[in-house]
Protein chains: 2
Amino acid sequence: MFKPLDPLLHSQLRLAVMSLLIGLEEADFTFLKEKTASTAGNLSVQLDKLEKAGYISIQKSFRDKRPLTTCKITRKGISAFEAYVENLKKYIE
Amino acid sequence: MFKPLDPLLHSQLRLAVMSLLIGLEEADFTFLKEKTASTAGNLSVQLDKLEKAGYISIQKSFRDKRPLTTCKITRKGISAFEAYVENLKKYIE
DNA sequence: TAAAGTAGTTTATAAAATAAACCTATTTAT
DNA sequence: ATAAATAGGTTTATTTTATAAACTACTTTA
């Protein structure tokens with residue numbers, strides 16, 4: 001009946017990040033921070049977790065001499081997100 | 001864009017309980033425990049939180065000489081659940 | 001050159017989820 | 001009659017998360 005919800009995705013901030021990335025395919029740290037209205041610290045930690053899970057990939061570079069962190073959803077991340085959504089629907093129908 | 005998700009409902013077990021109660025209007029502890037496949041301890045704690053939030057009401061009585069805990073969703077609980085679902089949809093569309 | 005801003009990371013704290021242990025009473029087997 | 005198992009939970013302890021606060025490193029502006 002109620003299948004377990006992927007704990008990595010069942011988190012407000014991580015879910016919002018994945019939701020953005022699934023539409024955009026690529027986004028930088030500042031963009032994600034603004035769109036999710038999160039603090040930098042929290043976002044940094046949660047992006048780390050998503051990367052360690054293989055749900056996103058993170059590229060670090062420089063733009064205009066400043067650090068630039070770019071995030072991209074992976075195929076694994078897309079499937080995990082889709083599975084999570086299907087699953088979650090059972091809870092809210 | 002992403003409104004905050006009611007932390008009381010954004011929990012796997014509490015959400016499953018509310019999901020059941022919104023359909024049934026009333027259910028006892030054992031039924032909820034079975035349907036949600038949770039441990040008694042966890043369920044006990046989470047029902048307490050839902051009650052303290054005013055989302056459910058809990059009646060304690062006896063059936064066949066044994067303790068019987070019956071839960072019912074409140075009007076407040078119904079609105080909170082509906083608001084949560086509407087909100088959550090923004091994350092998963 | 002000092003102050004303020006950018007782009008983050010690390011560390012510490014608070015809150016949540018979960019499991020393990022416990023409690024009280026009842027039923028069943030010996 | 002009594003020991004063991006079961007029912008129906010609660011309480012306490014431990015682990016995991018989420019979040020905020022503090023910090024780092026560098027750049028730009030006054």
Side-chain angles (χ1 to χ4, degrees), chain A residues 2-20 26-53 55-72 80 84 87-88 91, chain B residues 2-20 26-53 55-72 80 84 87-88 91:
Chain A
F2 297 112
K3 288 187 197 157
L5 297 169
D6 184 343
L8 252 134
L9 294 180
H10 198 63
S11 135
Q12 180 162 178
L13 182 49
R14 289 193 301 267
L15 187 63
V17 166
M18 292 293 281
S19 178
L20 287 166
E26 191 168 297
D28 62 51
F29 190 95
T30 304
F31 175 86
L32 292 174
K33 181 171 167 298
E34 277 164 12
K35 287 287 182 183
T36 60
S38 61
T39 61
N42 193 11
L43 183 58
S44 178
V45 169
Q46 306 310 328
L47 288 180
D48 246 42
K49 289 185 187 174
L50 288 172
E51 190 193 25
K52 269 164 195 151
Y55 288 1
I56 65 171
S57 63
I58 299 183
Q59 290 286 333
K60 273 156 201 307
S61 59
F62 285 85
R63 180 171 58 188
D64 302 331
K65 298 183 187 174
R66 301 190 172 161
L68 177 70
T69 298
T70 308
C71 306
K72 235 185 127 167
Y84 171 80
N87 222 220
L88 185 62
Y91 289 73
Chain B
F2 297 111
K3 290 188 196 154
L5 297 169
D6 183 344
L8 251 134
L9 294 181
H10 198 63
S11 133
Q12 181 164 174
L13 182 48
R14 289 194 301 267
L15 186 63
V17 166
M18 292 293 281
S19 178
L20 286 167
E26 192 169 297
D28 63 51
F29 191 95
T30 304
F31 175 86
L32 292 174
K33 181 171 169 296
E34 277 165 12
K35 285 289 181 183
T36 60
S38 62
T39 61
N42 192 11
L43 183 57
S44 177
V45 169
Q46 306 311 327
L47 289 180
D48 246 41
K49 289 185 187 173
L50 289 173
E51 189 192 27
K52 268 164 195 149
Y55 289 0
I56 65 171
S57 64
I58 299 182
Q59 290 286 333
K60 273 158 200 306
S61 58
F62 285 86
R63 180 172 56 188
D64 302 331
K65 299 183 184 172
R66 282 144 189 231
L68 177 71
T69 298
T70 308
C71 307
K72 234 185 127 163
Y84 170 81
N87 221 221
L88 184 64
Y91 288 72

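In what follows, chains carry the letters A, B, and so on, assigned in the order in which the sequence lines appear, proteins first and then strands, with residues in each chain numbered from 1.
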Any side-chain N or O of [X] below 4.0 angstrom from OP1/OP2 of [N]?
X: S11(A); N: dA18(D); result: yes
X: R14(A); N: dT17(D); result: no
X: T39(B); N: dT18(C); result: no
X: K60(A); N: dT9(C); result: yes
X: Q12(B); N: dA17(C); result: no
X: K49(B); N: dA15(C); result: no

Rounded off to whole Å, could you give me the [atom1]-to-[atom2] distance for the [X] and [N] pair?
X: L68(B); N: dT10(D); atom1: CG; atom2: P; value: 12 Å
X: I58(B); N: dG8(D); atom1: CD1; atom2: C1'; value: 14 Å
X: L5(A); N: dT17(D); atom1: CG; atom2: P; value: 14 Å
X: H10(A); N: dA17(C); atom1: NE2; atom2: P; value: 8 Å
X: D6(A); N: dT17(D); atom1: CG; atom2: P; value: 11 Å
X: L9(B); N: dA17(C); atom1: CG; atom2: P; value: 11 Å
X: L15(A); N: dA18(D); atom1: CG; atom2: P; value: 11 Å
X: K33(A); N: dA7(C); atom1: NZ; atom2: P; value: 9 Å

Counting C-beta onward and ignoring hydrogens, is there a side-chain heavy-atom pair between [X] and [Y] closer than 4.5 Å?
X: I58(A); Y: L50(A); result: no
X: L9(B); Y: L88(B); result: no
X: L47(B); Y: C71(B); result: yes
X: D6(A); Y: N87(A); result: no

Ignoring hydrogens and angles, state whether a donor on the side chain of T69(B) or K60(B) is under 3.5 Å from an acceptor on the partner side chain.
yes
Have a look at L43(B) and say if it touches a base, only the backbone sugar-phosphate, or nothing, with a 4.0 Å heavy-atom cut-off.
nothing
Identify whether any heavy atom of L13(B) sits under 4.0 Å from a base atom; if not, whether one sits that close to sugar-phosphate; answer base, sugar-phosphate or nothing.
nothing
Which nucleotide in [options] has an atom nearest any side-chain atom of [X]:
X: F29(B); options: dA17(C), dT10(D), dA7(D); value: dT10(D)
X: N42(A); options: dG8(C), dA18(D), dT27(C); value: dA18(D)
X: A40(A); options: dT27(C), dT19(D), dG8(C); value: dG8(C)

Nearest-nucleotide comparison on DNA chain D, the residue closer to the 5′ end among K65(A) and G41(A)
G41(A)
By nearest nucleotide on DNA chain D, pick out whichever of V45(B) and T30(B) is the more 5' one.
T30(B)
Identify which one of M18(B), K49(B), K52(B) satisfies the side-chain contact (heavy atoms from CB on, under 4.5 Å) criterion when paired with L8(B).
K49(B)
